[in-house]
Amino acid sequence: MAAVDTAAWVRGFAALVDEHEAELTALDAAIGDADHGTNMRRGMTAAVAALDDSHPDTPGEVSKQTAMVLIRTVGGASGPLFGTFFLRFAAAVGSGSDIADFARAFRAGLDGVIARGKAEPGDKTMVDALVPAADALDECVAGGASAEAALDAAVSAAAAGRDATTPLVARKGRASYLGDRSAGHQDPGATSAALLVLAARAAVR
Amino acid sequence: MKKLINDPAGVVDAALAGMAAAHPELRVDTKQRIIVRADAPRPGKVGLVSGGGSGHEPLHGGFVGLGMLDAACPGEIFTSPVPDQILAATAAVDAGAGVLHVVKNYTGDVMNFEMAAELAAAESGAEVRAVVVNDDVAVQDSLYTAGRRGVGATLILEKMAGAAAEQGRPLAEVARIADTVNARSRSMGMALTSCTVPAVGHPTFELGDGEMEIGIGIHGEPGRRRVPLAPARDVAVLLLDPILADLPFAQGDRVLCFLNGMGGTPLIELYLMFDEVSRILRGHGIHIERSLVGPYVTALDMAGCSITLTRLDEELTALWDAPVRTPALRWGI
């Protein structure tokens, strides 16, 4: 029994993206081109449809399939980035079943995002939510925490990271064209990344 | 929102179907979402592939044809196309002489084209090279931004590299010409309004009656700064000063001047702006050798314009003059 039910995680993320689509669009309108909500909803809807069609069994299969669907359907920067996250997660999770395996695979996913997009913490991107979450997971796992406790910490850390993007001046992505005008707006990518972590918490079994 | 559409979610698909019906000289695959020259692949010819978000029409689908692109990949509105599309387009135009990807410098475009090139290398061994277009001077090209955007020069590059490919030149030559056009072009844009993305239903940002946005891109996003509305003669200065200073252009230069409409500005205003621009360039001793005026690299219904200057030489001028037959540009044939 996996600590995080990967299929439930993907479905839960899709539900959250759907629920928050207007918010993601509004955030992306302020410092981008207003397509983040639409794109993520399209991709995650397709990811759930793929799960309904094919019923992959293992965490690796679920996340790899989700990755391919996202890469095929989302476009923009989010498609390759969220796709790479799930692809690297898939490669790292193997047959892993506990919170330590999840944390290790999450870190692998984050490393993939950084390798693909070359963002650093403080650039005002999804990385600003994912890095604190990964750090919280690693710390909790090292301390022998339960899956629930580790993911609670990750959720808080991701939310704090997301909130901390608001005053930042964007150094990556479309928001960076706005220069100082990007300050004072919460980053849409960090917002959807925080939803990803929230969905993982809800998928703990 | 008042648009000539049906379902806001179906705009891209319906428009592609319309292009297919209007232009039988194109092969439009509405399922894979690629637009290919009907006579592709042309034996021995370098294939030119570009793509990007929809919403910039005629860029890029309207530039598919003789003397310009061999294939275009339209994404969702303002959203980069996905690797599958780019792979399919690459395969459709690969005649064994290599393929050039023309990639506008946006994070998503660069990533998706990179992933497609990786897959192409792994799957088919096609020789693919990429040129990244980054002519916009509104953004600092620094460690602290995503780099300069690819805007108006994309059209000029596609035309000139397309002409070189049509003449049967090898991939290295076509890529060299593409890089040269990019290096010699600078652009700057402004907006009187934002635009309305169908799926969103309202303008991406609000501009007051007395305001204009300077240093815009082509995705409806806000620009570098908001300033009071000014007459066209002042707008021309605001756009030209940074362009001229950046290359820098100099007295005696011979240029192509591309006065681009963002989609929502009538041609009469674009010609008025060209009058202002040509007066300023004359004052600097810069000679306008060739010109293009019209809405070619657009952002849906955004009102505004952009200026692109390309420093010409004999080779580039000849490539601009070479025959082209596409939905949006046609001369010499």
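Each chain gets a letter, A, B and so on, in the order its sequence line appears, and its residues count up from 1. Owing to the predicted nature of the structure, the values given are computational and were not obtained by experimental measurement.
- No other option in B/Ser80, B/Ala199, B/Gly52 has as many heavy-atom pairs under 4.5 Å with chain A as B/Ser80.
- Side chains of B/Asp136 and B/Ser187: no donor on one and acceptor on the other come within 3.5 Å.
- Put simply, the side chain of B/Arg224 never gets that close to the backbone of B/Val139: no donor and acceptor are under 3.5 Å apart.
- Taking non-hydrogen atoms and a 4.5 Å limit, the residue list of residues 105-141 of chain A in contact with chain B, ordered by number, reads A/Arg116, A/Gly117.
- Highest contact tally toward chain A, considering only B/Ala9, B/Gly220, B/Pro222, is held by B/Pro222 [criterion: heavy-atom pairs under 4.5 Å].
- Judged purely by atom type and a 3.5 angstrom limit, B/Glu213 uses its side chain to pair as donor or acceptor with the backbone of B/Gly223.
- Each of B/Val82, B/Val110, B/Thr107 has some count of heavy-atom pairs under 4.5 Å with chain A, and the biggest count is that of B/Val82.
- Looking at B/Asp109, neither its backbone nor its side chain comes within 4.5 Å of chain A, counting heavy atoms on both sides.
- Taking 4.5 Å as the limit, some side-chain heavy atom of B/Met188 sits within range of a side-chain heavy atom of B/Ile214.
- Residues of residues 70-81 of chain A placed with any heavy atom under 4.5 Å of a heavy atom in chain B are listed by number as A/Ile71, A/Arg72, A/Thr73, A/Val74, A/Gly75, A/Gly76, A/Ala77, A/Pro80, A/Leu81.
- Looking at A/Asp28, its side chain does come within 3.5 Å of a backbone N or O of A/Asp35 through a donor-acceptor pair.
- For the residue pair B/His101/B/Thr90, the side-chain donor-acceptor check at 3.5 Å is satisfied.
- The greatest number of non-hydrogen atom pairs below 4.5 Å with chain B, out of A/Gly32, A/Ala22, A/Ala30, is found for A/Gly32.
- Salt bridge status for B/Arg148 with B/Asp246: present, with a side-chain N to carboxylate O gap under 4.0 Å.
- The part of B/Arg225 that comes within reach of chain A is its backbone (N, CA, C, O), which places non-hydrogen atoms under 4.5 angstrom from that chain.
- The nearest pair of heavy atoms linking B/Val128 to B/Ala117 is CG1-CB, 4.5 Å.
- Neither the backbone nor the side chain of B/Phe205 has a heavy atom closer than 4.5 Å to any heavy atom of chain A.
- The aromatic rings of B/Tyr106 and B/His219 sit perpendicular, their planes meeting at an angle over 60°, well past the 30° parallel limit.
- Other residues, nucleotides and ligands place more than 12 heavy atoms under 6.0 Å from the CG atom of A/Asp52.
- A/Glu21 has its side chain out of reach of A/Met40: every pair of non-hydrogen atoms, C-beta onward, lies at least 4.5 Å apart.
- Heavy-atom neighbours of B/Asn6 CG from other residues, nucleotides or ligands within 6.0 Å: at or below the threshold of 12.
- Both the backbone and the side chain of A/Ala34 have a heavy atom closer than 4.5 Å to some heavy atom of chain B.
- At a threshold of 4.0 Å, the pair B/Arg33-B/Glu76 counts as salt-bridged, since one of the basic side-chain nitrogens sits closer than that to a carboxylate oxygen.
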